There are 4 protein chains.
Amino acid sequence: MGYVDGGHLKAFIERVEKLEEEKRSIGDDIKDVYAEAKSMGFDPGVMRKIVSLRRQDSGRREEEANILELYLQTLGMA
Amino acid sequence: MGYVDGGHLKAFIERVEKLEEEKRSIGDDIKDVYAEAKSMGFDPGVMRKIVSLRRQDSGRREEEANILELYLQTLGMA
Amino acid sequence: MGYVDGGHLKAFIERVEKLEEEKRSIGDDIKDVYAEAKSMGFDPGVMRKIVSLRRQDSGRREEEANILELYLQTLGMA
Amino acid sequence: MGYVDGGHLKAFIERVEKLEEEKRSIGDDIKDVYAEAKSMGFDPGVMRKIVSLRRQDSGRREEEANILELYLQTLGMA
DNA sequence: TCAGATAAAATCGCGC
DNA sequence: GCGCGATTTTATCTGA
């Protein structure tokens, strides 16, 4: 122990950093969309709520599917 | 008063949702990189710390470190 | 700058640590409840899902109230 | 098969929810302490770091710090 | 600039 | 012991 393959480590770190940069860039794009919408008279706060509610909806649907499956498993095990 | 252009609103919402989906996808890619690194013997926890350290603006980091140092000394922990 | 009231700082830190200890203790109590339920034949996984869904429900109700208020404000401003 | 004792289940769920409510309440208390400290001129961010440092098991902290150091040296960042 | 809300990151704990 | 998911904590962002 004590040896580290610096070349590989560096490559991994840089891949992560590149991906994080892309992610940040998309985050900026999202902000731009809200700004553009706002400039056209839409309320960004309301828009964010809508997006959030729609996200929760799909999340909840998934959860419900999961719990259904769990119930079936539980019954199947009994 | 009270009129909302639903067509434009819908388009904006969908653009945001598409971008958020891409963002999530990149997040998954990042997880994959860490997993791959781990499978080669690297410690993902430490790698994350490195990425985090590099991400922080060094100026602010030093500033905060100084305050922390001061507090620790005050508490007799340094 | 450079002076820190160590007495007050220490007191605050200790208050936080005491509260965190209580929080951890309650977390343990929760685990105990699940364990007890499991010993009586209930499925902890299913129970957690139920608790989670009920929590989401109240959260969603709040969010819907928020968005309603936002809409009203938006209309009131128009 | 398929029978569930709803009375007991409901009781367990409610015990969990009550405990979770208490936990949330203590979380709020902690936030209050930080707010009060801030109002007296302390830096909450730094205070959180101190609490975090004290919480960490020092043995494990040293272990991880060593690996981090090794990686940083390998990358030429140390 | 600050508080409050939102989202991201790190950590923790469970089940497999 | 490992991955996965939930929780918690941190950081960012928005609006006052």
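All figures in this text were calculated on a predicted structure; none of them were measured in a lab. Each chain gets a letter, A, B and so on, in the order the sequences are listed, and its residues count up from 1. Side chains are part of it too, since the values below use all heavy atoms of this structure and drop only hydrogens, waters and symmetry mates.
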Any side-chain heavy-atom pair of A:I26 and B:E20 under 4.5 Å: no
Which sits closer to the 5' end of DNA chain F, D:E20 or B:Q56, going by the nucleotide each is nearest to? D:E20
N-O pairing of A:E22 and A:K18 below 4.0 Å: yes
Using the closest heavy atom to pick a nucleotide of DNA chain E for each, name whichever of C:R48 or A:K49 lands nearer the 5' end. A:K49
Any heavy-atom pair between the side chains of C:K10 and C:R15 that's under 4.5 Å? no
Return the value, rounded to whole Å, for the distance between atom CG of B:L53 and atom P of E:dA10. 10 Å
Looking at C:E17 and D:R55, is any side-chain nitrogen of the basic one under 4.0 Å from a carboxylate oxygen of the acidic one? no
Under 3.5 Å, is there a donor-acceptor pair between the C:Q56 and A:Q56 side chains? no
Could you tell me how far apart A:M47 (CE) and F:dT14 (P) are, to the nearest whole angstrom? 13 Å
Rounded to the nearest angstrom, tell me the gap between atom CD1 in D:I26 and atom P in F:dT9. 12 Å
Are more than 12 heavy atoms from other residues, nucleotides or ligands located less than 6.0 Å from atom CD of D:E21? yes
DNA chain E: 5'-proximal contact among C:G45 and A:K23 (nearest heavy atom): A:K23
Would you mind reading off the distance between B:D43 atom CG and F:dC2 atom C1', rounded to a whole angstrom? 14 Å
To the nearest angstrom, the CD-C1' distance between A:E63 and F:dT7 comes to 13 Å
Once you apply a heavy-atom cut-off of 4.0 Å, does B:S52 come out as touching a base, just sugar-phosphate, or nothing? sugar-phosphate
Provide, to the nearest angstrom, the distance between the CG atom belonging to C:N66 and the P atom belonging to F:dG15. 15 Å
Under 3.5 Å: donor-acceptor pair, side chain of B:T74, backbone of B:L70: yes
Testing E:dG15, F:dT9, E:dA7 for proximity to the side chain of A:R55, the answer is E:dA7
Heavy-atom contacts under 4.0 Å between residues 28-42 of chain A and DNA chain E, which residues? none
